[in-house]
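Data block below; observations after.
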Amino acid sequence: MVTPKLTAFALAFGLAATALHAQDLRIGLQEDPDVLDPDQSRTFVGRIVYASLCDKLVDITPDLEIIPQLATGWEWSDDGLQLTMTLREGAVFHDGTPFNAEAVAANIDRSQNLPESRRKSELSSITGVEVVDDMTIRFTLGAPDATLLAQFADRAGMMLSPTAFEAAGTDLGLNPVCSGPFSFGERIQQDRIVLNRFADYWNADAINVDSVTFLPIPDTTVRLANLRAGDLDMLERLAATDVASVNNDEDLQLEQAVSLGYQGITINVNNGAGADNPLGQDARIRQALSLAIDRNVINQVVFEGAFAPGNQPFPPTSPWYNDAYPVPERDVEAARALLAEAGFADGIDITIQVTNNPVQLQMMQVVQSMASEAGINLELQAKEFATLLADQSAGDYTASQIGWSGRVDPDGNIHQFMTTDGGINDSDYSNPEVDRLLNEARTSTDMAVRQASYNAARDILIQDLPIVYLYHPTWIWALSNSVEGFTPYPDGMIRLEGVTLSE
């Protein structure tokens, strides 16, 4: 006979053993994400969290092939004006709401019509949504849109529980409810985001850890020290200067993938009072700033040659890169001549905000030194990343050093930044001809036709320079040897299917 005392002891021991074996994967992030609502958010690190929290209609392979996720198949009409998708049976949201065609229709409606949505321009081609049956959805387009599937592989394709967002409205980000492998647990700003394994996930057999904790640690040196101390299991965006050190550490492993994105300086040309200054109002000063920068030196000095110098939304290795405008050589005299022509022969003072992590600060200090030789005196304002983004969106900035993680389709690297009322056009740049060309590039599946549109837009943008592009990163991850099964992707996301954590 088992006594109550022994029963209580056995229960306590069982609970302790369960807690002991619960596996929490700890990931160091370079910044703290913004709001955890795919319709409202815009940060790269937010997308890393979403990779575990929110499934999309489609996903990508490491080779950038679009593959099924919540949609298991799709078919285009001959005229390219209708896309019909078959949806996954048995998928559910974290609150138990079933995933079906009605849920997809509700998500598209929210993305297109929520006043705060940043996904509007990404889904602007959709003019109608038809629930064909419970597991079939049909999208009607106003014009052919070659980018739509790629949009569905990102935040525009992330599915949220209609039950949750109808109840929470714009506060959904405080308790996001998706259908991914992990459900939301808790968030403490600037400290951690905790997600818990979702038992009813449609692909639960591929998930091998009980929880994942994301820890924002802006300092790359501190992030690596935490990994070495065993306080992290992996980190994203290892500093290029630490690659050799990690390679020589028998307790760590290194993974890399060439990025789809860029880093640059976004300039406020029309976004409120922050644009009312010479840099925002005179393209010659923006051109002078670009000419004063040696992009190859930045790559060698700050990144030890690991990245690619850049001057366009696409890296020089991309088929979408415009060879007519190669990465320019530094030309201090030409920069000074442009300043003089603009009426600033004695120099000019410019304030640029930059996120407060050591790598970006060091990079901008190199730019600051270069610019000073051309008579451009840069004042750097270091800000926490979420604050920088908020100020940029509000137009409370002159210029901002910021990047973009890149998208599978080239449209994702340019359209929403350069078209009038684009979802992330914080410059508030507007040029009707650029609008026409970039919209035209969306309507053809012929690469040559699209390339011609992008090249013609580049002819204008290389002069207007609402963004001064600097370089294209390589994603670098450092991991403890206890982590197995991680696959690097060129979009920089951390996908946890198949990842295991040994004791």
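Here, residue 1 is the first one in the sequence, and each next residue gets the next number. When reading the values below, keep in mind they use all heavy atoms of this one structure, side chains included, and skip hydrogens, waters and symmetry mates. Computed from a predicted structure; not experimentally measured.
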Do [X] and [Y] touch side chain to side chain, with heavy atoms closer than 4.5 Å?
| X | Y | answer |
| --- | --- | --- |
| Cys54 | Pro38 | yes |
| Leu36 | Ser41 | no |
| Leu235 | Leu238 | yes |
| Leu141 | Ser125 | yes |
| Thr266 | Tyr397 | yes |
| Leu83 | Leu148 | yes |

With no hydrogens and no angle check, is any side-chain donor or acceptor of [X] less than 3.5 Å from a backbone partner on [Y]?
| X | Y | value |
| --- | --- | --- |
| Gln30 | Ile217 | no |
| Thr97 | Phe93 | no |
| Asn413 | Leu260 | yes |
| Ser161 | Val177 | no |
| Asn208 | Val499 | yes |
| Asn107 | Asp109 | no |
| Asn226 | Leu232 | no |
| Gln263 | Pro473 | no |
| Thr127 | Thr140 | yes |
| Arg197 | Ile207 | yes |

With distance as the sole criterion, is a donor-acceptor pair present between the side chains of [X] and [Y] under 3.5 Å?
| X | Y | value |
| --- | --- | --- |
| Gln360 | Gln401 | yes |
| Asn311 | Tyr321 | yes |
| Ser400 | Gln353 | yes |
| Tyr429 | Asp464 | yes |
| Asn322 | Gln312 | no |
| Asp145 | Thr147 | yes |

Who pairs with [X] by salt bridge (Lys or Arg N to Asp or Glu O under 4.0 Å), at least two apart in sequence or on another chain?
| X | answer |
| --- | --- |
| Arg436 | Glu433, Glu440 |
| Arg47 | Asp154 |
| Asp435 | none |

Sidechain N-carboxylate O distance under 4.0 Å for [X], [Y]:
| X | Y | result |
| --- | --- | --- |
| Arg495 | Asp59 | yes |
| Arg42 | Asp426 | yes |
| Asp231 | Arg223 | no |
| Arg442 | Asp411 | yes |
| Asp39 | Arg118 | no |

### Task
Show the numbers, then the answer: is there a side-chain hydrogen bond (donor to acceptor under 3.5 Å, both in side chains) between Ser121 and Arg119?
CA-CA 6 Å; Ser121 64; Arg119 310 282 80 85; over 6 Å; no
Please say whether more than 12 non-hydrogen atoms of neighbouring residues, nucleotides or ligands are located less than 6.0 Å from [atom1] in [X].
| X | atom1 | value |
| --- | --- | --- |
| Asp205 | CG | no |
| Gln256 | CD | yes |
| Glu186 | CD | yes |

#### Entry: Stepwise salt bridge (Lys or Arg N to Asp or Glu O under 4.0 Å) test for Glu31 and Arg237
CA-CA 10 Å; Glu31 298 104 12; Arg237 277 179 287 180; 3.0 Å; yes
### Message
side chain to side chain contact (heavy atoms under 4.5 Å, CB included), that's the test. Do Ile188 and Gln190 meet it? Break it down for me.
### Response
CA-CA 6 Å; Ile188 300 175; Gln190 307 299 323; over 6 Å; no
I'd like to check the side chain to side chain donor-acceptor pair (under 3.5 Å) partners of [X]; sequence neighbours left out, ordered by chain and number.
| X | answer |
| --- | --- |
| Ser480 | Ser482 |
| Thr500 | none |
| Thr136 | Asp133 |
| Asp409 | Arg450 |

### Query
Minimum heavy-atom separation for Pro181 to Glu497, with atom names?
CG-OE2, 4.2 Å
### Task
Kindly state each residue pair satisfying ring pair (Phe, Tyr, Trp, His ring centres under 6.0 Å) with at least one member in residues 142-178, sequence neighbours excluded.
Phe139-Phe152
### Message
Can you pull out every ring pair (Phe, Tyr, Trp, His ring centres under 6.0 Å) where at least one residue sits in residues 166-202? Sequence neighbours excluded, please.
### Response
His94-Phe198
### Task
Quick one: which residue pairs count as a side chain to side chain donor-acceptor pair (under 3.5 Å) with a foot in residues 64-77, not counting sequence neighbours?
Ser77-Asp79
### Message
Run the ring-ring contact (aromatic ring centres under 6.0 Å, His included) test against Phe44 and tell me which residues pass, sequence neighbours left out.
### Response
Trp475
### Task
Name all residues meeting the ring-ring contact (aromatic ring centres under 6.0 Å, His included) criterion together with Tyr469; count only those two or more places apart in sequence or in a different chain, and write none if there are none.
Tyr262
